[in-house]
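Within every chain, numbering begins at 1; the chains are lettered A, B, ... in the order of the sequence lines, protein sequences first and strands thereafter. Reckoned from all heavy atoms, side chains included, excluding hydrogens, waters and symmetry mates.
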Protein chains: 2
Amino acid sequence: MSPKVADEHKEARRKQILAAAVRVFTRLGYQAATMKDVVEESGMSRGGVYLYYGSTERMMLDLIGETDEEVAGMPKLARPDRPVWETIEQLMRHLAGGVTKGAAGMAPVFYEFFITAWRKRTYETLMESRYDQNVSAVVRLLEEGARRGEFQPRVSLETIARMLFSFHDGMQIHAIQFGDRRTDTRGQTEGMLAALRHLLGVQDKEEQP
Amino acid sequence: MSPKVADEHKEARRKQILAAAVRVFTRLGYQAATMKDVVEESGMSRGGVYLYYGSTERMMLDLIGETDEEVAGMPKLARPDRPVWETIEQLMRHLAGGVTKGAAGMAPVFYEFFITAWRKRTYETLMESRYDQNVSAVVRLLEEGARRGEFQPRVSLETIARMLFSFHDGMQIHAIQFGDRRTDTRGQTEGMLAALRHLLGVQDKEEQP
DNA sequence: TATAATAACGACATCAGTGTCGTTATTATT
DNA sequence: AATAATAACGACACTGATGTCGTTATTATA
């Protein structure tokens, strides 16, 4: 009576397969990637891989789960000693900067997956709750600013949060498709910050002459 | 010596196949759609369809060409007797309204195609020039407003045009994924109009009390 | 070191989609 | 009506991916 390997080793195998999957996905995209591709990339055997994952879809779900965990650690961004507006500026510029790196990475794969997942109606609630969570995370940040008296918003904070995501995702997709240069990610980001500043009614202490 | 059918009839066949392709694409998406599906949907034979189209990709390109022709007729929107800002408002609201209808239509299919086309590097210049054309069309509209003295823009008109597209495409994708309701298309559109009004520095004649 | 348990392997049968091509049906001309 | 030209058909061979399963290799325990 002896289970052959420790759970750690099984977990390591799982990671190994997921790493191969990431390489395949970034090279071929989600839909075009096959089990065969992942098997060959992983260096394992067909049967070995199937022991852990029965489809590329399952791999993708696990990869999404991983990034979600990373994102979950984001709300602690708002430092109590600095203005909320500053946090927003940093957040926007950080997200815009990540586009370039993401173009060669998993970002387009995620977009591709989400658009095809939408069609199959599966994960409908998963996707919706992800959206809701992201929106309300930003709303909470904005509310903090309003509570501190930094903002005197002209439109609903929820609307502003949604606009932020619409803009960001759209720009990211354009950056992926047409390149960072052509899309002028920096310029757009600064423009959007100016727009947000107005919509939020940021009360600027220093810049009132 | 006699060509069997007139060119009109061949064109009719072509339309028939494309119509079937649209139904298949909207049902299954671009990547999942196969020649087999289109053949069965069209009511024609395998060989018959292959006589006109050798791949779903070719069908897709023709469909894109058709919609491009429709879009080409859009720049004449700016009426000389009305303020440019009014045109922009109408345009934005019109685009936002089209999302609902588009959710069940070809819009997600186009997005899916573009993201997979990007990966294959083919059509790179096609896609880029489409983007450039759309941007410069809006820029021309905005320049007309500036020339008339309606606007006193705070940021470059090109940046504003790009922001407009980023926002629109992002919101459209969200609307497709999460539904019109949850995304609050109307609210976001009004919010974006307020933001644009500020960025453009719209000189409001009536509303200055 | 023996062995029980199971992780890992890889060949195999299967299936769905593809592109072709010899045959048949259709239609403008003579 | 005859026929030449070709549009349309659909069966066929082919390809590439899938999921399974009997076999082999590996390792924790006794």
More than 12 heavy atoms of other residues, nucleotides or ligands under 6.0 Å from CZ of B:R14: yes or no? yes

Under a 4.0 Å heavy-atom cut-off, which of residues 35-50 of chain A touch DNA chain C? A:M44, A:S45, A:R46, A:G47, A:G48

Send over the distance from [X] [atom1] to [N] [atom2], rounded to a whole Å.
X     : N      : atom1 : atom2 : value
A:R14 : C:dA8  : CZ    : P     : 14 Å
B:E8  : C:dT27 : CD    : C1'   : 14 Å
B:L28 : C:dA16 : CG    : C1'   : 14 Å
B:K10 : C:dA28 : NZ    : P     : 14 Å
A:H9  : C:dA5  : NE2   : P     : 21 Å
A:R58 : D:dG19 : CZ    : C1'   : 15 Å
B:L51 : C:dT24 : CG    : C1'   : 15 Å

Taking NZ, NE, NH1 and NH2 as the nitrogens, is one of them in A:R119 or A:E124 under 4.0 Å from a carboxylate oxygen of the other? no

Just checking B:Y131 against A:H174, ring centres under 6.0 Å apart? yes

B:F167 ring center within less than 6.0 Å of A:F167 ring center: no

Measure the acute angle between the ring planes of A:Y30 and A:F113, then classify it against the limits of 30° and 60° as parallel, tilted or perpendicular. perpendicular

If you only use heavy atoms from C-beta on, which nucleotide in C:dA8, D:dA7, D:dA8 is closest to the side chain of B:R13? D:dA8

Tell me every residue that passes side-chain hydrogen bond (donor to acceptor under 3.5 Å, both in side chains) with A:D132, counting only those two or more places apart in sequence or in another chain. B:R182

